[in-house]
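Read through the structure below, which is laid out as structure tokens, and then see the notes.
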Amino acid sequence: MGSVAEPVVVAGAGPVGLVTALLLARHGVPAVVLEAAARRDPAGSRAICFQRDVLDVLDRAGCAERMIARGVTWTTGRTYHRGDELFAVTFPGAGSGEVPPWINISQAEVEAYLRDLAGAEPLVEVRYGHRVRAVRQGEGGVEVEAGGATVRGTHLVGADGGHGAVRELLGIGFPGRTFADKFLICDIRAELPFPSERRFFFDPEWNPGRQVLVHQCPDGTWRIDWQVPADHDLDAERASGALDARIRKIAGDVPYEIVWATVYRFHERCAEAFASARAFLAGDAAHLYAPFGARGLNSGVQDAENLAWKLAFVRHGWAPPELLRSYDLERRAAALENLRVTTRTMEFLVPQTPAQRAHRLDSLERARTHPDPRAIIDSGRLAEPYWYLDSPLTTPAGPLDGFPSEPGAVRPPVPGVLCPDGPCTVAGERTRLRRLFGTRFVILGATAVEAPGGIPCDSYALDDIDTEGALRAALRAGPDTVHVVRPDGHLAAVLPGRDSGAVAAAVRRACGRP
């Protein structure tokens, strides 16, 4: 098994699988995507909130500009208790040419964009109706039986969802729990007089004792999430007119059309491992979260990028196979943090014990007069990229003063954190820093710094590209500081001096050669 021409095999043609394949192609690595369904179901909004840093990954995959032009941008999230606003969180908006903090657009539409890109990419082949039935691994590669054929490749990525086959075939456990309460989701098309904001309602009079979340989407569509009892019956509610009455309590007398409606339960699960030899798990195959905070698909796309550059560097011989061990270390740590945050959210939204119920009620009442109600009310901590501070790929830089607790707060540019963005000019063209990332390491110094050989690196002088001074400020760059940025945009090292040996050591370390 195995040759340099063989593809990476990806199970699942959802967003995470397609992004993985497209990013591999950008690195010059072929991929075969095996999708169990004969066609993907385009119905419903499903995941809708895409975070700024994830849009940068999707920009590298090729579809962010289309998404931003089409999606609904929002910068404010408001939380209410009954009829009163408790607090609002505002994220910095998009400046000139920057990426908005959040956009709403349906997962199905994003999948369509990704399918178009995959169909036009010679290095990507998508095969529908190919359910994975068996996986064999050897020293040279993998063999995957799917759709009556055997597909050979160097590695396997299981991005086939929470009920996918790859994790089970690898024998990896998926511990966690399912919350008993159901959630009703309706996409309605209507001209509602609401601003394009995230609006979360605790215990409104039109859903007493539970909560409702409202988001605007493109084409005058509104996504409404209701928490409903465990015995809720959507068909019966439709037939009785109760669904119409439920929607009318939000839409009023405005004409509306139901585009999609579904009821489901939320899961909180994390795979016991994200890797097994040459096989890896990503997205919902690796982790399931409650959606309050938009940490599911956003995290899955970050899984894809983390894994794609590492697979590519190993495939091209720029890094040893040991680099791939860091995928499990980094992304499982990120998943466990997301699980911790979303589990805490769900215990506040859907209390499981008398003590939790009492805490929720007390917190909601105290929030009306509390100096910082955000500190005691959990309506979903919105997604942010994980900080790889303790990764073996990160060159340490001393103790950190502390994580900012403010939602959307600016991250300090320390090793392990996603590199900040900012305007720059390269070869006479105005762009932004994060558009320089993706396939190579980037080295930033006041003047050009010698890059180590044998590993793809681009070296830029801030004196040349930072024409507005914004990058120096964002990076907190001194006259001799050198920043080493991984292909996925995370800072691998922040070095105090221009020592080429230290730069080379940081790059080697970030490639799995400590």
Side-chain angles (χ1 to χ4, degrees), residues 47-55 74-81 85-92 100-104 176-177 179 181 183 197-203 210-215 223 225 227 266-270 283-284 287-303 331-352 356 359-360 362-364 366-367 370-389 400 402-412 416-418:
I48 59 167
C49 298
F50 291 83
Q51 193 258 356
R52 185 198 309 263
D53 304 303
V54 172
L55 290 170
W74 59 277
T75 59
T76 300
R78 299 187 188 276
T79 297
Y80 299 83
H81 180 216
E85 181 177 332
L86 297 180
F87 61 86
V89 175
T90 300
F91 295 84
W102 291 93
I103 67 165
N104 290 347
R177 61 173 168 166
F179 286 82
D181 266 33
F183 288 80
E197 300 174 341
R198 177 189 192 263
R199 292 195 160 198
F200 192 101
F201 300 86
F202 282 104
D203 193 20
R210 292 182 168 84
Q211 45 266 337
V212 178
L213 178 62
V214 180
H215 275 282
R223 159 76 171 265
D225 296 55
Q227 182 192 357
F266 295 143
H267 308 272
E268 292 276 296
R269 298 185 181 278
C270 182
D284 285 357
H287 46 71
L288 291 173
Y289 316 124
F292 298 105
R295 291 172 181 262
L297 181 51
N298 283 295
S299 180
V301 171
Q302 290 163 335
D303 293 345
R331 294 312 299 164
R332 192 162 186 274
L336 290 172
E337 171 64 10
N338 284 328
L339 196 68
R340 183 189 68 80
V341 170
T342 54
T343 296
R344 190 171 60 191
T345 296
M346 289 304 292
E347 288 175 349
F348 192 85
L349 299 185
V350 190
Q352 302 296 297
Q356 290 175 357
H359 169 70
R360 169 187 153 117
D362 177 65
S363 298
L364 288 168
R366 287 193 298 125
H370 196 280
D372 184 10
R374 289 172 295 185
I376 60 172
I377 298 300
D378 191 344
S379 56
R381 306 297 185 192
L382 290 164
E384 290 191 285
Y386 188 69
W387 300 15
Y388 302 136
L389 303 180
L400 184 64
F403 291 83
S405 58
E406 184 78 10
V410 175
R411 309 173 192 92
V417 172
L418 195 64

Original post:
Between C49 and R198, does a side-chain contact (heavy atoms from CB on, under 4.5 Å) hold up when you go through it step by step?
Top reply: CA-CA 10 Å; C49 298; R198 177 189 192 263; over 6 Å; no
Original post:
Between E347 and D378, is a side-chain contact (heavy atoms from CB on, under 4.5 Å) present by the stated rule, with each step listed?
Top reply: CA-CA 9 Å; E347 288 175 349; D378 191 344; over 6 Å; no
**OP:** Check the pair I377 / H81 against side-chain contact (heavy atoms from CB on, under 4.5 Å), numbers first and verdict last.
**Re:** CA-CA 10 Å; I377 298 300; H81 180 216; over 6 Å; no
**OP:** Begin with the C-alpha distance, continue with both residues' side-chain angles, and end with the deciding distance and a verdict on salt bridge (Lys or Arg N to Asp or Glu O under 4.0 Å) for R295 and E268.
**Re:** CA-CA 12 Å; R295 291 172 181 262; E268 292 276 296; over 6 Å; no
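In terms of heavy atoms, W102 sits closest to A294 at CZ3-CB, 3.9 Å. Scanning both residues, P373 and L86, for their nearest heavy atoms gives CG-O, 3.3 Å. Listed here is the closest heavy atom pair of Y289 and A335: OH-CA, 3.0 Å. Taking both residues in full, the closest heavy atoms of N338 and S299 are given as ND2-OG, 3.4 Å, listed atom of the first, atom of the second, then distance.
Atoms CD and CG, from E384 and L418 in turn, are 10.5 Å apart once rounded to the nearest 0.5 Å. A distance of 15.0 Å separates NE2 of H267 from NE2 of H287, quoted to the nearest 0.5 Å. In this structure, W74 CH2 and I103 CD1 are separated by 11.5 Å, a value rounded to the nearest 0.5 Å. Atom CE of M346 sits about 12.0 Å away from atom CG of L339, to the nearest 0.5 Å. Between L349 atom CG and F266 atom CZ the span is 9.5 Å, to the nearest 0.5 Å. Taking CG of D203 as the start and CZ of R360 as the end, the distance is 7.0 Å to the nearest 0.5 Å.
Classification of the F201-Y80 ring pair by plane angle, with boundaries at 30° and 60°, yields parallel.
With sequence neighbours excluded, the residues forming a salt bridge (Lys or Arg N to Asp or Glu O under 4.0 Å) with R331 are D303, listed by chain and number. Taking the side chain to side chain contact (heavy atoms under 4.5 Å, CB included) definition, one finds that D362 meets it with R366, sequence neighbours left out. Scored by the salt bridge (Lys or Arg N to Asp or Glu O under 4.0 Å) test, R78 finds E85, E197 as partners (sequence neighbours excluded). Not a single salt bridge (Lys or Arg N to Asp or Glu O under 4.0 Å) links R344 to another residue, sequence neighbours left out. The salt bridge (Lys or Arg N to Asp or Glu O under 4.0 Å) search around D53 returns R411, R434, not counting sequence neighbours.
Proximity of D284 to L297: side-chain heavy atoms (C-beta onward) are nowhere separated by under 4.5 Å. No side-chain heavy atom of N104 sits under 4.5 Å from any side-chain heavy atom of R223. Side-chain contact check for P385 versus Q302: some heavy-atom pair is nearer than 4.5 Å. In this structure, R210 and D181 have side chains that are in contact, with non-hydrogen atoms separated by less than 4.5 Å.
Screening residues 333-342 for salt bridge (Lys or Arg N to Asp or Glu O under 4.0 Å), with sequence neighbours left out, gives E337-R340.
Note: F183 and F292 meet the aromatic proximity criterion, with ring centroids under 6.0 Å apart.
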